[in-house]
Structure formats: structure tokens, C-alpha cells
Amino acid sequence: MYRRHFKRWTDVVRSIFFLILLSPLFGVLALLIKLDSKGPVFFRQKRVGIHKTYFLIYKFRTMRMDAPVDVPTHLLRNADQNITRLGRFLRKTSLDELPQLLNVLKGVMSIVGPRPALWNQFDLIEMREQVGANDVLPGLTGLAQVMGRDKLTNREKARYDGLYVRNMSFLLDMKCILRTVIKIGRGDGIVEGMQPERQKTESGQ
């Protein structure tokens with residue numbers, strides 16, 4: 001019942017509410033981004049949605065125009081050279097993710113669900129396929145996000161994504177949202193650039 005009907009209804013209500021509430025912040029951030037570096041305000045990127053369909057995810061731009069496009073930031077080499085000054089703040093506070101409320105309103109994302117993989121993250125996509133995580137809408141936040149985010153390996157992310165799908169409920173979504181707010185406040189789980197130990201772990205999968 002919740003998965004088929006109520007979840008989508010709550011997504012629509014929440015996305016509309018926060019888009020209206022945060023519209024002044026959107027304007028301020030858009031102006032600061034234009035003043036900080038050359039390039040558009042928004043960044044669009046090809047991501048994997050429900051049933052492995054593709055969609056364009058929206059973010060506030062945090063990278064320089066010559067930065068690699070289809071590489072997760074936590075896997076970038078010399079990430080500091082590619083992230084703008086304002087971008088560091090936006091990423092640390094996760095404010096760069098706010099435009100994804102538009103994706104939620106369009107129905108290609110949910111507030112809570114597995115984070116949408118890049119189109120070329122084939123290992124992660126396959127691992128999610130094995131646990132049914134490709135059969136639900138990707139989320140602005142999710143269980144894997146609050147359990148470690150960038151610090152998790154792909155296998156760990158897929159395991160948490162599968163756990164979320166099997167236990168999806170209104171209560172679990174509310175717990176994920178609350179823990180996301182706490183994590184953002186602490187700046188937990190955010191990794192900018194490829195860490196040596198992470199490189200070994202990912203290459204060994």
C-alpha cells in the first residue's frame with residue numbers, strides 16, 4: 001500500500017512544499033554560483049532510474065567546466081582542483097542536491113530510495129539488480145547514504161539498498177530523512193577525491 005500509492009503522494013507534497021519554502025535560497029545560491037565561477041548554475045548528469053532507465057539528474061554546479069563529467073567525485077583524482085570554492089561549501093552541506101526536488105516532482109526520483117548510479121557504474125548497477133534495488137525509484141537520500149555514503153564500497157551500498165527495498169515503509173523513510181539531516185549537520189560520510197585505500201578496495205571487487 002505505502003510503496004504503490006502513499007509514498008508517491010508524500011513525495012509530491014514534500015517536494016512542492018520544499019521548493020516553495022526554499023525558493024529564496026535557490027535564488028541566492030544561483031547568484032553566488034554565477035559570481036564564483038564561469039558556467040551554468042545547474043549541472044545535469046545522466047543517471048540510472050527505475051528499471052535501469054536513464055534520466056537527467058539536476059544539481060547546483062560545484063565543479064569547474066573542465067572537470068571530468070561522468071566520474072563520482074569520491075573517485076576523482078585531484079578533486080580539489082576540479083571543485084569550485086563555493087562548490088566545496090555546497091557539497092559539504094549537500095545544498096548542491098536541492099534541485100533534485102524537481103526530479104522528485106517529475107516522478108523520476110523519490111525523496112528516499114537508493115541513490116541513482118551514474119550510467120557507467122556497471123558494477124554497482126549489477127549488484128543492485130541482484131537485490132531488487134533497480135526496481136524502485138532512486139532517492140534524494142537513502143539507507144546507504146545514512147550508513148556511510150561515500151565511505152561505503154559498492155558492495156556495501158548495494159547491500160543497504162537491498163535492505164531498504166525489502167523493508168520499505170513510511171517509518172523507515174522518516175528515519176532516513178531524520179538521519180540525513182543529522183549526517184549533513186555533522187558533515188559525515190562525504191569523501192572528495194579517491195583515497196588510496198578506497199582505490200584498492202574498489203579495484204578488488
- I would like to know whether Val131 and Arg159 meet side chain to side chain contact (heavy atoms under 4.5 Å, CB included); could you show each step before the answer? CA-CA 7 Å; Val131 296; Arg159 180 166 61 85; over 6 Å; no
- Dump the intermediate steps for side chain to side chain contact (heavy atoms under 4.5 Å, CB included) on His51 and Asp135, then the final yes or no. CA-CA 5 Å; His51 305 315; Asp135 297 327; 3.4 Å; yes
- Item | Criterion side chain to side chain contact (heavy atoms under 4.5 Å, CB included) on Lys151 and Glu156, from CA distance to verdict | CA-CA 10 Å; Lys151 294 182 178 180; Glu156 289 170 331; over 6 Å; no
- Could you give me the CA-CA distance, side-chain angles and deciding distance for Phe60 and Phe43, then say whether ring pair (Phe, Tyr, Trp, His ring centres under 6.0 Å) is met? CA-CA 6 Å; Phe60 282 123; Phe43 172 71; over 10 Å; no
- Query: Could you walk me through whether Leu95 and Leu25 pass the side chain to side chain contact (heavy atoms under 4.5 Å, CB included) check?
  - Reply: CA-CA 10 Å; Leu95 290 173; Leu25 178 60; 4.1 Å; yes
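A distance of 13.0 Å separates CZ in Arg179 from CD1 in Ile184, rounded to the nearest 0.5 Å. For the atom pair Arg8 CZ and Ser110 OG, the distance stands at 8.0 Å (nearest 0.5 Å). The structure places CZ of Arg128 at 8.5 Å from CG of Asn154, a figure rounded to the nearest 0.5 Å. One distance of note links OG1 of Thr141 with CD1 of Ile177; it measures 8.0 Å at 0.5 Å rounding.
Using a 4.0 Å cut-off between charged side-chain N and carboxylate O, Lys52 and Glu129 make a salt bridge.
At most 12 non-hydrogen atoms from other residues, nucleotides or ligands lie less than 6.0 angstrom from CZ of Phe89.
In this structure the side chain of Thr84 reaches within 4.5 angstrom of the side chain of Arg61, judged on heavy atoms. Counting heavy atoms from C-beta on, the side chains of Asn82 and Arg64 never come closer than 4.5 Å. Under the 4.5 Å side-chain criterion, counting only non-hydrogen atoms from C-beta, Leu143 is not in contact with Asp161. When side chains are defined from C-beta on, Leu86 does not count as touching Ser37, because their heavy atoms never get closer than 4.5 Å.
The hydrophobic cluster containing Ile16 also contains Leu19, counting ILVMFWY residues as joined when their side-chain heavy atoms lie under 4.5 angstrom apart, directly or transitively. Under the 4.5 Å side-chain heavy-atom criterion for Ile, Leu, Val, Met, Phe, Trp and Tyr, Val104 and Phe170 are members of the same hydrophobic cluster.
Under the side-chain contact (heavy atoms from CB on, under 4.5 Å) criterion, Pro116 pairs with Arg47, Phe55, Ile57, Met109, Pro138, sequence neighbours left out.
The two residues Thr62 and Arg91 make their nearest non-hydrogen contact at OG1-NH1, 3.0 Å.
Between the side chains of Asp173 and Tyr164, at least one donor N or O lies within less than 3.5 Å of an accepting N or O.
For residues 107-160, there are no ring pair (Phe, Tyr, Trp, His ring centres under 6.0 Å) pairs, not counting sequence neighbours.
Remark: Lys46 is positioned above the aromatic ring of Tyr54, its terminal NZ or CZ atom under 6.0 angstrom from the ring centre and at most 45 degrees off the axis.
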